[in-house]
Participant: 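Take this structure first; my questions come after.
Keep in mind that the numbers below use all heavy atoms, side chains included, and drop hydrogens, waters and symmetry copies. Computed from a predicted model, the values in this text were never measured in an experiment. One-based numbering, in listed order, for ligands and for the atoms of each.
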Amino acid sequence: MIALLRRCGAIALAALCWQAVAVRASDVPYVPTPMNVVDAMLVLGGVGPGDYLIDLGSGDGRISIRAATRFGTPGMGVDIDDRLVRLAQAEAQKQGVAGKVAFAARNLFDTDLSRATVITAYLLHSVNLRLRPMLFEQLKPGTRVVSHDFDFADWPPDQKITIDVPDKVYGPPRSDIMLWVIPANFAGVWQWSLPGSPVYEARLEQKFQMLVGAAMAQGQPLSLAAAQVKGDTVSFTLNGAAGVQRYSGRIDGNVISGEVVPRSGERTLPWRAERIKTGTINIGGM
Ligand SMILES: C[S@@+](CC[C@H](N)C(=O)[O-])C[C@H]1O[C@@H](n2cnc3c(N)ncnc32)[C@H](O)[C@@H]1O
């Protein structure tokens with residue numbers, strides 16, 4: 001009898017432990033994104049047939065399925081809950097896009113994101129913060145990340161809209177939709193020259209997509225302002241005694257190619273800068 005009780009106790013304990021593990025594995029409860037928000041997320045993300053969309057925590061699959069049916073976008077969704085994954089697969093089949101979108105029962109933190117050109121998420125702040133380093137590690141510059149209601153703390157969105165959601169199941173009847181574009185790494189020391197001008201040297205520091213720095217030409221300091229990074233493109237101005245120069249270009253490895261307006265009203269010239277020392281992007285802590 002005692003042996004039986006012991007055995008039952010062990011089984012009950014095992015069941016309890018299993019439940020605790022199962023509960024802990026889901027980081028976010030299932031709450032579907034209302035369809036008008038889904039549509040606004042896809043429009044803000046600029047999705048198209050050339051994209052590959054991964055929805056992290058895909059629930060009933062509505063974001064991936066809508067991307068495929070309305071925009072012709074292939075992709076996948078992952079969810080920890082295999083019941084929801086089966087539901088999403090059945091819905092994709094029903095809507096005729098099972099060949100375009102796949103769903104997998106998987107922890108989003110064990111998912112290879114490198115193929116994505118668009119990531120969508122309706123998670124929680126704490127989960128987004130854990131996800132943030134993974135996005136910077138795995139995603140190509142230019143990849144768009146669209147989140148419903150939850151941001152990435154001190155990583156500011158590139159764009160944010162708020163829309164009315166009369167049928168929202170909790171909270172105020174509106175949703176924030178935010179877009180981030182994964183920035184290329186512009187940090188480091190760059191050099192270039194312009195026809196008839198000395199060598200320019202700029203030292204750039206980057207936190208997320210925010211770029212600050214200072215530049216010198218012939219020992220004279222130039223202030224660097226209005227720096228903007230979007231994916232693999234950059235623009236900034238250099239302000240000195242001779243006026244304001246406006247630069248814009250695209251990075252490829254350790255080279256930026258683009259153009260410069262050397263002074264207001266002057267002819268645009270080609271611009272090519274080389275990085276002589278690479279820096280790292282500051283992506284904050286967790
Ligand atoms: C708020 S719902 C969003 C569902 C869907 N993306 C939408 O917007 O309609 C969050 C989803 O994340 C799933 N989830 C929670 N933790 C997860 C994890 N670690 N890995 C994968 N999915 C997870 C939940 O099962 C749930 O379906």
Participant: Check for me whether the distance between the ring centres of Trp271 and Tyr200 falls short of 6.0 Å.
Facilitator: no

Participant: Of the listed options (Asp81, Asp79, Asp60), which comes nearest to atom 26 (C) of ligand 1 when hydrogens are ignored and any heavy atom counts?
Facilitator: Asp79

Participant: Distance only, no hydrogens: is a donor on one side chain within 3.5 Å (strictly under) of an acceptor on the other, for Gln93 and Gln89?
Facilitator: no

Participant: Specify the protein heavy atom at minimum distance from atom 20 (N) of ligand 1: its residue, its atom name, and the distance to 0.1 Å.
Facilitator: Leu108 N, 2.8 Å

Participant: I'd like to know if Asp51 pairs up with Arg144 as an ion pair, taking the criterion as any Lys NZ or Arg NE/NH1/NH2 lying under 4.0 Å from an Asp or Glu carboxylate oxygen.
Facilitator: yes

Participant: Is it possible for you to check whether Arg115 lies under 6.0 Å from the centre of the six-membered ring of Tyr52, through NZ or CZ, and within 45° of that ring's axis?
Facilitator: yes

Participant: For Gly59, counting its heavy atoms only, list the atoms of ligand 1 lying under 4.0 Å from any of them.
Facilitator: 4 (C), 27 (O)

Participant: Yes or no: does His148 have any heavy atom under 4.0 Å from an atom of ligand 1?
Facilitator: no

Participant: Any idea which protein heavy atom is nearest atom 5 (C) of ligand 1, and the distance to it?
Facilitator: Gly57 O, 3.3 Å

Participant: Heavy-atom contacts with Arg62 under 4.0 Å: which atoms of ligand 1 show up? List them by number with element.
Facilitator: 9 (O)

Participant: Salt bridge or not for Arg106 and Asp112, using N-O below 4.0 Å?
Facilitator: no

Participant: Closest non-hydrogen protein atom to atom 16 (N) of ligand 1, residue and atom name please, with distance?
Facilitator: Asp27 N, 2.8 Å

Participant: Ion pair present between Lys207 and Asp154, side-chain N to carboxylate O less than 4.0 angstrom?
Facilitator: yes

Participant: Look up atom OH in Tyr247 and atom CG in Leu238, then write down how far apart they are to the nearest 0.5 Å.
Facilitator: 5.0 Å

Participant: Does Ala121 reach ligand 1, in the sense of a heavy atom lying below 4.0 Å from it?
Facilitator: no

Participant: Are Lys168 and Asp149 ion-paired here, with the side-chain N under 4.0 Å from a carboxylate O?
Facilitator: yes

Participant: Please classify the Val127 to ligand 1 contact at 4.0 Å (heavy-atom distances, strictly less than): side chain, backbone, both or neither.
Facilitator: neither

Participant: I want to check something: taking the side chain as every heavy atom from C-beta on, are Leu56 and Leu113 in contact at a cut-off of under 4.5 Å?
Facilitator: yes

Participant: In terms of atom number and element, which parts of ligand 1 are under 4.0 angstrom from non-hydrogen atoms of Pro29?
Facilitator: 1 (C), 2 (S), 10 (C)

Participant: Using a 4.0 Å cutoff against the non-hydrogen atoms of Ile63, which atoms of ligand 1 qualify?
Facilitator: 8 (O)

Participant: Which protein heavy atom lies closest to atom 24 (C) of ligand 1, and at what distance to 0.1 Å?
Facilitator: Val28 O, 3.4 Å

Participant: Does the distance from a Lys or Arg side-chain N to an Asp or Glu carboxylate O, for Glu201 and Arg203, drop under 4.0 Å?
Facilitator: yes

Participant: For atom 22 (N) of ligand 1, which of the options Asp55, Val31, Ile80, Asp149 provides the nearest non-hydrogen atom?
Facilitator: Ile80

Participant: Please could you name the atoms of ligand 1 that Thr33 approaches to less than 4.0 Å, counting only its heavy atoms?
Facilitator: 7 (C), 8 (O), 9 (O)

Participant: State the atoms of ligand 1, each with its element, that fall below the 4.0 Å cut-off from a heavy-atom position in Pro32.
Facilitator: 9 (O)

Participant: Give the numbers and elements of all ligand 1 atoms closer than 4.0 Å to a heavy atom of Asn107.
Facilitator: 18 (C), 19 (N), 20 (N)

Participant: Determine the minimum heavy-atom distance between Gln245 and Val260, stating which atoms define it.
Facilitator: CB-CG2, 4.3 Å

Participant: Show the atoms of ligand 1 that are less than 4.0 angstrom away from any heavy atom in Arg106.
Facilitator: 20 (N), 21 (C)

